[in-house]
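Report on one structure; see the data block that follows.
Residue numbers start from 1 in every chain, and the chains themselves are labelled A, B, ... in the order their sequence lines are given, proteins ahead of strands. The figures here come from the full heavy-atom set of this structure, side chains too, leaving out hydrogens, waters and symmetry mates.
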Amino acid sequence: MMKKRIQLLDEQLIIKDASKALGMPGRRLFGKRALSLGALSMLSGCGLTNENSVEKMLMSISRFNDGAQALLFDPTQLAQTYPESMITTPFPFNAFYAESEVPEIDEDYTLELSGMIANKDEWTLAALTALPQTSQITRHICVEGWSAIGKWGGVMFSDFLHRVGADTTAKFVGFRCADDYFTSIDMATALHPQTLLTLTYADQVLPAKYGYPMKLRMPTKLGYKNPKHITEIFVSNTNPGGYWEDQGYNWFGGS
Amino acid sequence: MNSLAVETTKPIHPAWMRITHWLNAIAVVIMVMSGWKIYNASPIFDFKFLGAITLGGWLGGAIQWHFAAMWLFAVNGVFYITLNILGGRYRAKFWPINVGGFLNDVKQALGGRLAHDDLSKYNMVQKSAYLLVTLALMILILSGLVVWKSVQFPLLLSLMNGYDNARIVHFWAMAFVVIFLAIHLVMVALVPRTLLTMFRGR
């Protein structure tokens, strides 16, 4: 707002100066220069505001694309699964920090629940492991374009949400992580049968680099939508955004 | 005189064709340049595109450009093809097309003897090029849908022989369009009247 006003004032001043100068015959050359200067400053000012409005336009189209993807998302359509022989080894490590900075999580870890959930009791890793387990071999697709096939095991997320009495009519499920990462997903994807609260990778306890103690695995979404080292899960009707999403990655991030 | 009168009443390129041509040009240039930036985030081959000729600043920005321009590209493309079919332009402009005539026109073109007296008629090389680039753009849409939403389009996914292969198909279809565009621009430079007809219709 301030910028815009200052810019407007500047433009008016320049135009005023220029027209004054043009009014005096002896200063025609100066007038010409002032006018071209004014024109230049207007052009550059225009460029700045345009850049801003282009960014806004792209952001609003990205919000429109969230809606388009929600429409396109078929809650019964399963992602392709693969035989064990096709698993990518080693499965690539990927985060917004180096592998040496992966958070270390100790044994007294608990998972917190908040928001529109009836039973907000904390969950220990042992309690989670005691729940019925399932596994999947699916393709992880990164927003950068590369993909890798891996085997994840754990609790069906829809089972977990129902068990803790989450309000599944709410719009969003949010995640806060031990590495300060955060993200959120739509309820439809949260309830998808392949959305898995994973506790294992390749039948072993989830290694630190893949998200110990747990990662939410969704083969229907791009990699950055799959949070690791989850410490808190919450259900909400306001969009909690996300680490990358707030910087411009598409929020829905479906695949 | 008479023929001049006919020319002024009936444009070589109808208005809808000129409009869809330029909207398509804008959409394709945005998609190609932002696509190069997206490619650079995880190159398929052993090279990257020069940052200066890419669009978006960073991966997130490039993706925003790519998935904004896709709507213009797709909606405009549907209009173009529908109007071509319904208006009978495909039949009038592109039929007949045959290999013999194509080879003959290529020979003529390489010798610099291919006539462009009548801009209302496409030669065989033009016919093939315009149809093939349309096909390449359709392949870009189909492979792009797989790269964008591989889970939601299982039939297209198997048609493209998997996600990773869809990226390769997407790349080569892009390469074909870029090569077409380069030759297209050279041709326009050689026969500048064609640029005028694409603006004014005559």
Side-chain angles (χ1 to χ4, degrees), chain A residues 51 54-66 68-82 86 88 92 94 138-149 189 192 194-195 218-224 242-255, chain B residues 26-27 30-31 33-45 48-49 55-75 143-171 174:
Chain A
E51 209 166 281
V54 164
E55 243 165 57
K56 270 186 200 148
M57 180 200 71
L58 289 175
M59 266 298 192
S60 57
I61 297 176
S62 191
R63 295 290 74 79
F64 173 78
N65 285 343
D66 287 337
Q69 290 172 86
L71 280 177
L72 208 59
F73 178 79
D74 177 352
T76 60
Q77 178 65 55
L78 297 182
Q80 196 177 346
T81 54
Y82 302 86
M86 286 184 72
T88 311
N94 199 46
T138 48
R139 183 182 296 273
H140 169 108
I141 296 174
C142 180
V143 65
E144 293 171 350
W146 57 266
S147 77
I149 296 169
T189 302
H192 186 271
Q194 284 173 316
T195 298
M218 292 167 282
T220 55
K221 282 205 191 291
L222 296 174
Y224 66 90
Y243 177 87
W244 284 115
E245 295 88 328
D246 294 353
Q247 297 176 58
Y249 278 2
N250 175 261
W251 178 79
F252 195 91
S255 78
Chain B
I26 293 167
I30 291 176
M31 293 203 82
M33 288 174 64
S34 57
W36 287 347
K37 183 112 228 156
I38 299 169
Y39 167 97
N40 280 357
S42 176
I44 312 172
F45 304 108
K48 280 188 181 189
F49 292 97
L55 176 68
W58 70 297
L59 176 60
I63 291 173
Q64 285 190 352
W65 275 107
H66 208 69
F67 293 151
M70 76 174 177
W71 295 110
L72 175 63
F73 175 58
V75 172
S143 56
L145 281 175
V146 173
V147 178
W148 187 47
K149 293 286 162 281
S150 61
V151 178
Q152 308 307 329
F153 297 105
L155 255 159
L156 280 178
L157 178 67
S158 46
L159 182 75
M160 290 291 154
N161 196 21
Y163 169 82
D164 286 336
N165 199 56
R167 287 184 74 205
I168 295 170
V169 172
H170 203 61
F171 178 91
M174 175 280 294

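Only the side chain of B/Pro154 has a heavy atom closer than 4.5 Å to any heavy atom of chain A. Interface residue A/Gln77: backbone and side-chain heavy atoms are both found under 4.5 Å from chain B. Proximity to chain B is absent for every atom of A/Leu222, based on heavy atoms less than 4.5 angstrom apart.
Judged by distance alone, the side chains of A/Asn250 and A/Gln69 do bring a donor and an acceptor atom under 3.5 Å apart.
Annotation: ring pair (Phe, Tyr, Trp, His ring centres under 6.0 Å) contacts of A/Phe64 (sequence neighbours excluded): B/Trp71. Not counting sequence neighbours, B/Trp58 has no partner by the side chain to side chain donor-acceptor pair (under 3.5 Å) test. Listed by chain and number, the residues in a ring pair (Phe, Tyr, Trp, His ring centres under 6.0 Å) with B/His170 amount to none (sequence neighbours excluded).
The closest donor-acceptor contact from the side chain of A/Thr195 to the backbone of A/Met218 lies at 3.5 Å or more, if one exists at all.
Options A/Asn65, A/Asp74, A/Ile61 differ in how many heavy-atom pairs under 4.5 Å they form with chain B, and the most are formed by A/Asn65. With respect to chain B, the highest number of heavy-atom pairs below 4.5 Å among A/Gly254, A/Ser255, A/Ala68 belongs to A/Ser255. Counting heavy-atom pairs closer than 4.5 Å to chain A, the top residue among B/Tyr39, B/Trp65, B/Phe153 is B/Trp65.
Near-neighbour residues of residues 155-165 of chain B relative to chain A, defined by a heavy atom under 4.5 Å from a heavy atom of that chain, comprise B/Leu157, B/Tyr163, B/Asp164.
The line from CE of B/Met70 to OG of B/Ser34 is 11.0 Å long, rounded to the nearest 0.5 Å. Taken from CD1 in B/Ile30 to NE2 in B/His66, the straight-line distance is 11.0 Å, to the nearest 0.5 Å. Note: A/Trp244 CH2 to A/Tyr249 OH = 5.0 Å, rounded to the nearest 0.5 Å.
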Walk me through whether A/Trp146 and A/His140 qualify under ring-ring contact (aromatic ring centres under 6.0 Å, His included).
CA-CA 9 Å; A/Trp146 57 266; A/His140 169 108; 5.6 Å; yes
